[in-house]
Amino acid sequence: MERDTSKTLGKSEYIDTAIFYDLGLNNNYYPDVKFYQSVISIYKPKSILELGCGTGRVSIQLKSNKLKEITCIDLSDKMLDIFRDKLLFYPTEHQEKFKILQMNMIDFDLNNKFDCILIPFRSFQCVTNIKDVKNCIQNLKKHLTINGILIINIFIPIENMKELEGLTEQKVLNKGKSKIYKTVTNDKIDTLNQIQNYSVKYHKEKSNQYVSESFKLKYYYPAEFLYLLKSNGLKIVESYNGFDLKRELPNSTNDFTVICQKD
Ligand SMILES: C[S@@+](CC[C@H](N)C(=O)[O-])C[C@H]1O[C@@H](n2cnc3c(N)ncnc32)[C@H](O)[C@@H]1O
């Protein structure tokens, strides 16, 4: 019998840490953005839906002549507020393409179909309950046009995830005088349900004040992830280790990204 001790996260996630989120990804720079821009220029979708869009780091940078509407959903009001604020710095015609909605990717209903559904930067892994995972896949299929593409990203776990338990990684996020540090600590790794619990703490140099939040991600090994997608009615078009469409560069970020369609 499948044991499922996990809980899907609540609406309040990223309540304290959202303001640091983009800084943690070098102010939007992560090699995935170029990858999604290239895929969009190849498939030329008229409409995009992003699930778990966060601060809009990826979608806000997608442009093509054919692209008329970009709908973005996320559970976290705080992340969406930042997205809306960032969008104000873009030309009106770009702003007008966006619909930003607070919704859950498990059970959203937009009564619309999209040529492209994007789930970048591990957002899909925030859904940790396997029933919710399957519901999410059925739901996103309902929102995908017949020839539409789904692009979904996960991280590739290490062989023995238990080894991560207790490990901490710290990095400096800015170059300014007052440094901001991001510290990620791996908490319990639930190897039965393949769930990584971790916490993220941000603090300023020479200050005792900090904000921190705990998160959980369901992890998948690439072959089982492809099986999950296929056994839930999706066909694999391409899969990539990393973000190099030409497959010439090594995978520097441990990412696994799959392009699929409805079977
Ligand atoms: C790691 S962030 C990724 C954000 C963005 N896609 C990016 O690439 O920067 C994960 C995001 O997924 C959102 N999220 C988690 N579970 C969700 C759910 N069930 N429905 C909608 N959004 C969810 C979180 O609020 C968070 O903004």
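Note that ligands are numbered from 1 as they come in the structure, with each ligand's atoms numbered from 1 the same way.
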Those atoms of ligand 1 less than 4.0 Å from some heavy atom in E50
6 (N)
May I ask you to list the atoms of ligand 1 that are less than 4.0 angstrom from any heavy atom of S123?
3 (C), 4 (C), 6 (N), 10 (C), 11 (C), 12 (O)
Indicate yes or no: does R247 engage E238 in a salt bridge with an N to O separation below 4.0 Å.
yes
For G54, the ligand 1 atoms whose distance to one of its heavy atoms is below 4.0 Å
4 (C), 27 (O)
With K201 as the cation and Y210 as the aromatic partner, state whether NZ or CZ is under 6.0 Å from the six-membered ring centre and within 45° of the axis.
yes
Pair T183-Q170, side-chain donor/acceptor within less than 3.5 Å
yes
Checking side chain to side chain contact (heavy atoms under 4.5 Å, CB included) for the pair Q61/Y36: CA distance, chi angles, key distance, verdict?
CA-CA 9 Å; Q61 303 200 54; Y36 296 113; over 6 Å; no
Taking distance alone, with no angle check, do I106 and ligand 1 share an N/O pair under 3.5 Å?
no
Got more than 12 heavy atoms from elsewhere within 6.0 Å of NZ, K66?
no
For ligand 1, indicate whether the residue C53 contacts it via side chain, backbone, both or neither (heavy-atom separation under 4.0 Å).
backbone
According to salt bridge (Lys or Arg N to Asp or Glu O under 4.0 Å), who are the partners of D255, at least two apart in sequence or on a separate chain?
R122
Closest to atom 7 (C) of ligand 1 among Y14, F215, Y21, Y36 (heavy-atom distance):
Y21
Show the atoms of ligand 1 that are less than 4.0 angstrom away from any heavy atom in G52.
3 (C), 4 (C), 5 (C), 6 (N), 11 (C), 12 (O), 13 (C), 22 (N)
Atoms of ligand 1 under 4.0 Å from any heavy atom of F121, numbered from 1 in the order shown, are 1 (C), 3 (C), 7 (C), 8 (O)
Using the test ring-ring contact (aromatic ring centres under 6.0 Å, His included), find all partners of Y43 that sit at least two apart in sequence or belong to another chain.
none
Pick whichever of D74, N153, N104, L75 has a heavy atom sitting closest to atom 24 (C) of ligand 1.
D74
Polar-atom distance check: V127 versus ligand 1, any N or O pair below 3.5 Å?
no
Under-4.0 Å heavy-atom contact with ligand 1, by part of M103 that carries it:
backbone
For M79, state whether at least one heavy atom is located under 4.0 Å from any atom of ligand 1.
yes
Using a strict 4.0 Å cut-off to heavy atoms of S76, name the atoms of ligand 1 that fall inside it.
25 (O)
Does D81 come within less than 4.0 Å of K78, counting only side-chain N to carboxylate O?
no
Ring centroid separation Y90 to F98 under 6.0 Å
no
